[in-house]
Amino acid sequence: MAEPEGSKLVIPSPSTESESLLPTPEHSGSPIDASPEEHALDETPSLAPTSPKTPRLSRNPSFSGSSSYQEDWESFPPLDRLTVLDLLDNFALPQQLEKLQKGISAQTQKVRKSREVIGNKSRQARERMVDEWRRRVPSAEEQLDRYRKRMRTSVDKLGKKWNDTKAITLREKISFIFAVLNIFISGYIIGGWPEWFHLWYTVQVLYFMPIRFYTYKKRGYHYFLADLCYFVNFLLLLSLWVFPQSKRLFTAAYCLGFGNNAVAIIMWRNSLVFHSLDKVTSLFIHIMPCATLHCIVHLIDPEYQKERFPAIWTIKESPPGSPTAYANVVSMLAWSTIPYAIWQLSYYFFITVRRREKIAAGRPTSFTWLRQSYSKSWIGKVVLGLPSYLQEPAFMLIQYTYAVLTMLPCSLWFYSRWASASFLMVVFTWSVHNGSTYYIDVFGKRFQKELEAMKAEVAKWQSSAEMHAMHEQDHDSPTLAPSESGATDKASLNDGITGKGLDDGARSVGGGGAVDNIPLLNDERPVAVMVSGIETEDGGARDVARERTRRMSRSEP
């Protein structure tokens, strides 16, 4: 059965709550004005619809405009049927709706801000990507500028190297001239005035030694200045100018000069290389003391020798077995061992021990040089096979044994003029042989390696430019060289930039290689001509000139 309209329960809205609770003139009547019957009727609950005298607003705003607002109000339950839940629902529902609306607004603001942040980041990332792409993929103009700048820098470096080479060449020419003159003057003095040769030797010592000290100090080779050869030259200068009457000092200088110092030309591979001041100096340090001693012992006049070098005259004129006869093997070994021991111990304590950290850091010495040079020989393998703390004493023992072996024939060099001259000739010829080997093998191979390195560097320039061209083709960057169809021909321009077109043209004409056909920086040919690889005149200009000539020939009578 259908329920009557009056039985419908309408939930009162908050807007009409106060109106429903407050008494209206229709319902508010005093007991005086109302009769008992009417009062009883009012207090009797009834579900029947009532017809109020004055219209009231509807509790539901959606139905305020309807024609049945009176029926809605009449369906409102009386006050005794309202519960606490109805009142609480009326108060809680708007607050929840307001909170929900605020939450939705806050979430909307967060979403909007996140969208803006994401948009800004994506725009910045896109700009960075575009900038990176532009930087990595340069245009044809930038690539051409880079190529020309790189070539210009290379030409500048080559010019600077050429200027340095010219300066080095000038020094080498001067060194060559002085080395040749030194040999000529030395030979002339030995043959004409041997009594002046020790002066010539002293002047050269004062010239070569400061240069050697400066160059070795600059290159970090100054520990070589403590070697035995420099010590022998110092002893010879003392014997010539400070203690000419000392027979023991002269014996030590003679044995060490004709022994260890002379044979070192063979062991240390001293070379007569005229253009190298360093090699000429090294040869001078080893061979000139022997030449000086040969002159003052065998070539000068005995009277002048007795007056100027009394120690030499005394040793030569002393009979065998006398206390002053130091020219025998035992005396020579004994008196030469003492200064050698002084030098060896001083070298060990002042260089090997006190400079051990610097030597370990890379400072070269004679020991490290010999260890590397003779590492593959049997004696080098024996020394390197020992423990590290025994290698240096073994090297010192081997060096002393080598010195003793070279000093054994010194008695023969002292008494025999021709044996001494022959020994000097052998040593000098060995240095000449080393110099010829250097000029033919070492110097020629070094020049060939420098030429190959230069060609490899030029080939690297070209390969890097070709890689740029291939990179340009992959990324479709704009080019400048127009093709036959009027569009830009990127491959042609890249070939022109890298010089590939020139190489292809040169191969088709003369078969030249890529290294020999790099475009010059001052090449004023147009890009199309560079791409073609053949130097030709402007074909369009020739056609115009040909057409004008034809017209002029037609217009003539």
Problem set entry | Main-chain N/O of I285 paired with N261 side-chain donor or acceptor, under 3.5 Å | yes
Seminar exercise, completed: Sequence neighbours excluded, the answer for side chain to side chain contact (heavy atoms under 4.5 Å, CB included) partners of S175 is L277
Side-chain polar contacts of residues 410-420 - donor-acceptor pairs under 3.5 angstrom, sequence neighbours left out - could you list them?
| unit_1 | atom_1 | unit_2 | atom_2 | d |
| --- | --- | --- | --- | --- |
| S411 | OG | A327 | O | 2.7 |
| S416 | OG | A419 | N | 3.2 |
| S420 | OG | H294 | ND1 | 2.8 |

In a table with atom names and distances, give each donor-acceptor pair under 3.5 Å that connects a side chain of residues 243-252 to protein atoms at least two apart or in another chain.
| unit_1 | atom_1 | unit_2 | atom_2 | d |
| --- | --- | --- | --- | --- |
| S246 | OG | L249 | N | 3.3 |
| R248 | NH2 | Y326 | OH | 3.4 |
| T251 | OG1 | K247 | O | 2.7 |

Problem set entry | Main-chain N/O of F213 paired with T215 side-chain donor or acceptor, under 3.5 Å | no
I'd like a table of donor-acceptor pairs (distance under 3.5 Å, sequence neighbours excluded) in which one partner is a side-chain atom from residues 379-387, with atom names and distances.
none

Exercise. Does L235 offer a backbone N or O that forms a donor-acceptor pair with the side chain of S239 under 3.5 Å?
Worked result: no
For this session: Quick one: list whatever passes ring-ring contact (aromatic ring centres under 6.0 Å, His included) with Y439, sequence neighbours left out.
Result: H275
Exercise. Just by modelled atom types, is the N328 backbone N or O under 3.5 Å from a matching donor or acceptor in the S331 side chain?
Worked result: no
Exercise. Would you say the side-chain atoms of T368 pair up with the backbone N or O of P364, donor to acceptor, closer than 3.5 Å?
Worked result: no
For this session: For N233 and C229, indicate whether the former's side chain and the latter's backbone hold a donor-acceptor pair under 3.5 Å.
Result: yes
Exercise. Is there a donor-acceptor pair under 3.5 Å between the side chain of S322 and the backbone N or O of S318?
Worked result: no
Problem set entry | Y216 and F224 aromatic ring geometry - parallel, tilted or perpendicular at 30°/60° bounds | perpendicular
Seminar exercise, completed: Across all chains, not counting sequence neighbours, the side-chain hydrogen bond (donor to acceptor under 3.5 Å, both in side chains) partners of Q204 are N182
For this session: Kindly write out the residues that satisfy side-chain hydrogen bond (donor to acceptor under 3.5 Å, both in side chains) with S282, not counting sequence neighbours, or none if the list is empty.
Result: R212
Problem set entry | Under the ring-ring contact (aromatic ring centres under 6.0 Å, His included) test, residues paired with H286 that sit two or more places apart | none
For this session: Provide the closest heavy-atom pair for T406 versus A403 in the form atom of the first, atom of the second, distance.
Result: OG1-O, 2.8 Å
For this session: For D301, check side chain to side chain contact (heavy atoms under 4.5 Å, CB included) against everything at least two apart and list the hits.
Result: E303, Y304
Exercise. Which residue pairs satisfy the salt bridge (Lys or Arg N to Asp or Glu O under 4.0 Å) criterion with at least one member in residues 392-411, sequence neighbours excluded?
Worked result: R356-E392
Exercise. Which heavy-atom pair separates C290 from G257 by the least distance, and what is that distance?
Worked result: SG-O, 3.0 Å
For this session: Just jot down the ring-ring contact (aromatic ring centres under 6.0 Å, His included) partners of Y230, sequence neighbours excluded, or say none.
Result: none
Exercise. Distance-only, no hydrogens or angles: does the S431 side chain make a donor-acceptor pair with backbone N or O of F428 under 3.5 Å?
Worked result: yes
Exercise. Centre of W241's six-membered ring, under 6.0 Å away, within 45 degrees of the axis: is that where NZ or CZ of R308 sits?
Worked result: yes
Seminar exercise, completed: Taken in chain and number order and not counting sequence neighbours, the residues that satisfy ring-ring contact (aromatic ring centres under 6.0 Å, His included) with Y188 are W193
Problem set entry | W200 side chain to I190 backbone, donor-acceptor under 3.5 Å | no
